[in-house]
Amino acid sequence: MVKLISKKKTIDYLFSDKHKEYIKNCQYNIFNIAEGAVRAGKTVDNVYAFAHELKTTPDKIHLATGSTSANAKLNIGDANGYGLEYIFRGQSHWGKYKGNECLYIQGPSTNNKQKVVIFAGASKIDSYKKIRGNSYGMWIATEINLHHDNTIKEAFNRQLAAKNRKVFWDLNPDNPNAEIYTNYIDLYDKKQKEGSLVGGYNYQHFTIFDNITISEQRKQEIISQYDKESIWYQRDILGKRMVAEGLIYCEFKDYHIVKMKDWNAIDESGNYTNELRKSLKFITVGVDFGGNISAHSFNATGFTHQFRKFGTIKQKRIPKRIDDRELTEKFVSFILELKEEYPSVNIIDIRCDSAEQTLIAGFERALRENHIGISVNNAIKGEIINRIRFYCKMFSTNKYFILECCEPLITAFKTAIWEQDTNDKRLDDGKQDIDSLDAQEYSTEPYMGALIQIN
């Protein structure tokens with residue numbers, strides 16, 4: 001029996017003329033790049049253009065990447081109801097292809113020919129290994145500036161046999177000297193103007209004001225979250241490429257610190273009154289292992305309902321070298337204290353510096369012996385500059401908070417500076433508390449994409 005599929009319109013698209021022009025030009029160019037402010041509609045444009053090409057392209061296998069596989073699925077597969085799975089509603093299903101998450105598409109829109117879109121992460125130095133072994137037709141990438149260069153080069157290599165080779169990238173503005181500009185985007189622009197770029201280059205810059213799907217009231221709500229003097233207002237709202245200088249976390253203000261008397265305040269019935277505390281849904285823990293001159297740090301991060309806010313709710317920093325047994329005991333005590341302080345909130349994940357596998361194994365064993373069923377995993381350890389940018393953005397949008405009891409981390413954020421004559425390397429001279437920052441970043445890396453997307 002033949003299954004009938006309805007092709008009625010289910011997505012209400014609203015594109016401004018600027019977006020329409022960009023999408024139209026995607027048909028005629030290999031390199032299609034949408035850059036600009038947050039919530040500008042860049043990703044939706046590329047998903048729409050990619051899907052249109054997917055219907056008729058002769059190539060079967062295609063690639064979709066993000067900083068992580070989950071980020072790629074969220075931004076390209078879902079895209080708040082405008083993603084591939086919605087465009088091909090009733091004609092697609094999620095599955096696996098050679099170990100990678102993928103979306104299988106087949107139906108009237110593709111003339112009943114099967115298309116496979118493989119989703120992969122791209123931020124780690126070895127991420128490229130996940131996309132080897134296949135030849136891809138088209139490649140769509142979200143937040144291309146967060147991709148490791150190894151993956152970018154490998155993706156291009158995998159397209160050499162494509163019959164309809166196309167590239168769709170989106171990104172928020174970055175450091176003007178970032179490699180994604182010098183090695184790719186600005187280089188393509190130069191070659192296009194010289195007439196030496198084969199295949200064509202379609203670039204467009206967008207701001208939030210170009211997105212007509214967002215009401216004026218909502219735009220003002222988003223804009224009001226930012227300090228207009230900050231580099232993140234320049235980048236996220238005005239869509240400018242900016243360089244940060246001096247102190248790294250200039251957006252960190254005293255109002256990001258929550259006082260313990262407010263955090264622990266209770267009403268007459270003995271219930272907590274702090275709205276952040278009441279809305280905590282889960283907790284993660286980041287662990288950085290120190291050496292002879294650096295410290296160990298355990299950082300617990302709480303996430304509120306629907307990723308609206310998150311914050312560091314407990315920290316323990318051990319400033320001197322101790323033996324593995326004592327360190328393990330201190331870690332178990334930290335977890336037990338955390339469970340006692342937040343009995344109704346699940347600790348779902350522990351992320352540790354992967355350089356110390358023996359210590360990690362000891363932590364796992366000690367947790368089992370204490371009947372604590374929490375997984376211990378290696379930290380993602382993405383590029384440090386991307387982790388820095390994430391926290392600067394979270395401070396700027398006031399999505400991140402720190403309890404005042406986490407004094408080492410507060411000091412670390414307030415004193416972290418760039419390495420001299422650079423704007424992408426954090427000074428690590430043994431005097432800066434990099435350990436607290438690393439542990440904090442490890443605890444949140446798996447959820448950075450979701451935290452950025454939710455406003």
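Rounded to the nearest 0.5 angstrom, Phe390 CZ and Glu441 CD are separated by 9.5 Å. In this structure, Ile313 CD1 and Arg277 CZ are separated by 8.0 Å, a value rounded to the nearest 0.5 Å. Taking NZ of Lys309 as the reference point, atom CG of Leu451 lies at 12.0 Å (rounded to 0.5 Å).
Partner of Trp169 under the side-chain contact (heavy atoms from CB on, under 4.5 Å) criterion, chosen from Thr142, Ile185, Asn145: Ile185. When the options Glu143, Lys42, Arg241 are evaluated for a side-chain hydrogen bond (donor to acceptor under 3.5 Å, both in side chains) with Asn172, the one that passes is Lys42.
Around CD of Glu340, the count of heavy atoms belonging to other residues, nucleotides or ligands within 6.0 Å does not exceed 12. Counting non-hydrogen atoms of neighbouring residues, nucleotides and ligands closer than 6.0 angstrom, the CD1 atom of Ile125 reaches no more than 12 such neighbours. Atom NZ of Lys190 has 12 or fewer neighbouring heavy atoms from other residues, nucleotides or ligands inside a 6.0 Å radius. Counted within 6.0 Å of CG on Asn80, heavy atoms from surrounding residues, nucleotides or ligands total 12 or fewer; the atom is thus considered open. Lys339 NZ: 12 or fewer foreign heavy atoms inside a 6.0 Å radius.
A salt bridge between Glu21 and Lys18 is absent, with no side-chain N of the basic residue lying under 4.0 Å from a carboxylate O of the acidic one. A salt bridge is absent between Asp288 and Arg317; no separation between the charged side-chain nitrogens and carboxylate oxygens falls under 4.0 Å. Ion pairing between a basic and an acidic side chain is recognised when a charged N comes within 4.0 Å of a carboxylate O; Arg426 and Asp428 show no such pairing. A salt bridge is defined here as a Lys NZ or Arg NE, NH1 or NH2 lying under 4.0 Å from an Asp or Glu carboxylate O, and Glu329 with Arg325 meets this definition. Salt bridge annotation for Asp149-Lys153: present, with a cationic side-chain nitrogen under 4.0 angstrom from a carboxylate oxygen. By the 4.0 Å N-to-carboxylate-O rule, Asp236 lies too far from Arg39 to be salt-bridged with it. A salt bridge does not link Lys73 with Asp78: every distance from a Lys NZ or Arg NE/NH1/NH2 to an Asp or Glu carboxylate oxygen is 4.0 Å or more. Note on Glu154 versus Arg158: salt bridge recorded, some NZ/NE/NH1/NH2 to OD/OE distance being below 4.0 Å.
Taking every heavy atom of both residues into account, Ile374 and Asp349 meet most closely at CG2-N, 4.1 Å. Nearest approach of Gly66 to Ala72, heavy atoms of both residues: N-CB, 3.5 Å. Minimum heavy-atom separation, Gln440 to Thr301: NE2-OG1, 2.9 Å. Glu85 and Leu103 make their closest contact through N-CD2, 4.0 Å (heavy atoms, listed as atom of the first residue, atom of the second, distance). When all heavy atoms of Gly362 and Thr328 are compared, the closest pair comes out as O-CG2, 3.8 Å.
Aromatic ring centres of Phe331 and Phe289: separated by at least 6.0 Å. Between His256 and Phe401, the distance from one ring center to the other does not fall under 6.0 angstrom. The distance between the ring centers of Tyr128 and His148 does not fall below 6.0 angstrom. Aromatic pair Tyr249/Phe413: centroids less than 6.0 angstrom apart. Between Phe156 and Trp139, the ring center distance clears the sub-6.0 Å criterion. If you look at Phe15 and Tyr48, their ring centroids are closer than 6.0 Å.
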CA sep, side-chain torsions, deciding dist, call: Gln220, Glu216, side-chain hydrogen bond (donor to acceptor under 3.5 Å, both in side chains): CA-CA 6 Å; Gln220 293 305 318; Glu216 185 61 31; 2.9 Å; yes
Intermediate values then yes/no, salt bridge (charged side-chain N to carboxylate O under 4.0 Å, His left out), Asp45 and Lys20: CA-CA 8 Å; Asp45 284 5; Lys20 290 177 182 177; over 6 Å; no
Verdict with reasoning, Gln159 to Val167, per side-chain contact (heavy atoms from CB on, under 4.5 Å): CA-CA 10 Å; Gln159 287 186 292; Val167 173; 3.5 Å; yes
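Legend: residues meeting side-chain hydrogen bond (donor to acceptor under 3.5 Å, both in side chains) with Thr444, ordered by chain and number and at least two apart, are Tyr391. Residues meeting the side-chain hydrogen bond (donor to acceptor under 3.5 Å, both in side chains) test with Glu337, sequence neighbours left out: Lys314. Qualifying side-chain hydrogen bond (donor to acceptor under 3.5 Å, both in side chains) partners for Thr151, counting only residues two or more places apart in sequence or in other chains: none. Among residues two or more places apart in sequence or in another chain, the side-chain hydrogen bond (donor to acceptor under 3.5 Å, both in side chains) test is passed with Lys259 by none. By the ring-ring contact (aromatic ring centres under 6.0 Å, His included) test, Phe119 is found to be paired with Trp94, residues two or more places apart in sequence or in another chain being considered.
At least one donor-acceptor pair under 3.5 Å links the side chain of Asp353 to the backbone N or O of Ala355. Listed for the Glu445 side chain is a donor-acceptor partner under 3.5 Å among the backbone atoms of Lys381. Checking side-chain atoms of Ser279 against main-chain N and O of Leu276 turns up a donor-acceptor pair under 3.5 Å. A donor-acceptor pair is defined here as one N or O able to donate and one able to accept, closer than 3.5 Å; no such pair exists between the side chain of Tyr104 and the backbone of Val117. Under the 3.5 Å distance criterion, the side-chain polar atoms of Asp435 are matched with a main-chain donor or acceptor of Ala295. Between the side chain of Thr284 and the main chain of Ser443, a donor-acceptor pair closer than 3.5 Å is present. Listed for the Asn271 side chain is no donor-acceptor partner under 3.5 Å among the backbone atoms of Asp267. Distance alone, capped at 3.5 Å, places no donor-acceptor pair between the Asn134 side chain and the Tyr136 backbone. Using a distance-only test at 3.5 Å, with no hydrogens or angles considered, a donor-acceptor pair links the side chain of Ser92 to the main chain of Phe88. Panel note: side chain Tyr22, backbone Ile33; a donor-acceptor pair is recorded below 3.5 Å.
Neither side chain, Asn46 nor Thr43, offers a donor N or O lying under 3.5 Å from an acceptor on the other. Checking Tyr181 against Glu35 by side-chain atom types alone, a donor-acceptor pair falls below 3.5 Å. Looking at Asp262 and Asn274, their side chains never bring a donor and an acceptor atom within 3.5 Å of each other. A donor atom on one side chain and an acceptor atom on the other are found under 3.5 Å apart for Thr65 and His147.
A cation-pi geometry, defined here as NZ or CZ lying under 6.0 Å from the six-membered ring centre and within 45° of its normal, does not hold between Arg351 and Tyr442.
Residue pairs meeting the ring-ring contact (aromatic ring centres under 6.0 Å, His included) criterion with at least one member in residues 332-359, sequence neighbours excluded: Phe298-Phe334.
Contact of the Lys393 side chain with the Arg235 side chain is not registered, since no non-hydrogen atoms from C-beta on lie closer than 4.5 Å. Side chains of Ser436 and Gln315 form a contact here, defined as non-hydrogen atoms less than 4.5 Å apart. Between Phe310 and Phe282, the closest side-chain pair of non-hydrogen atoms is not below 4.5 Å.
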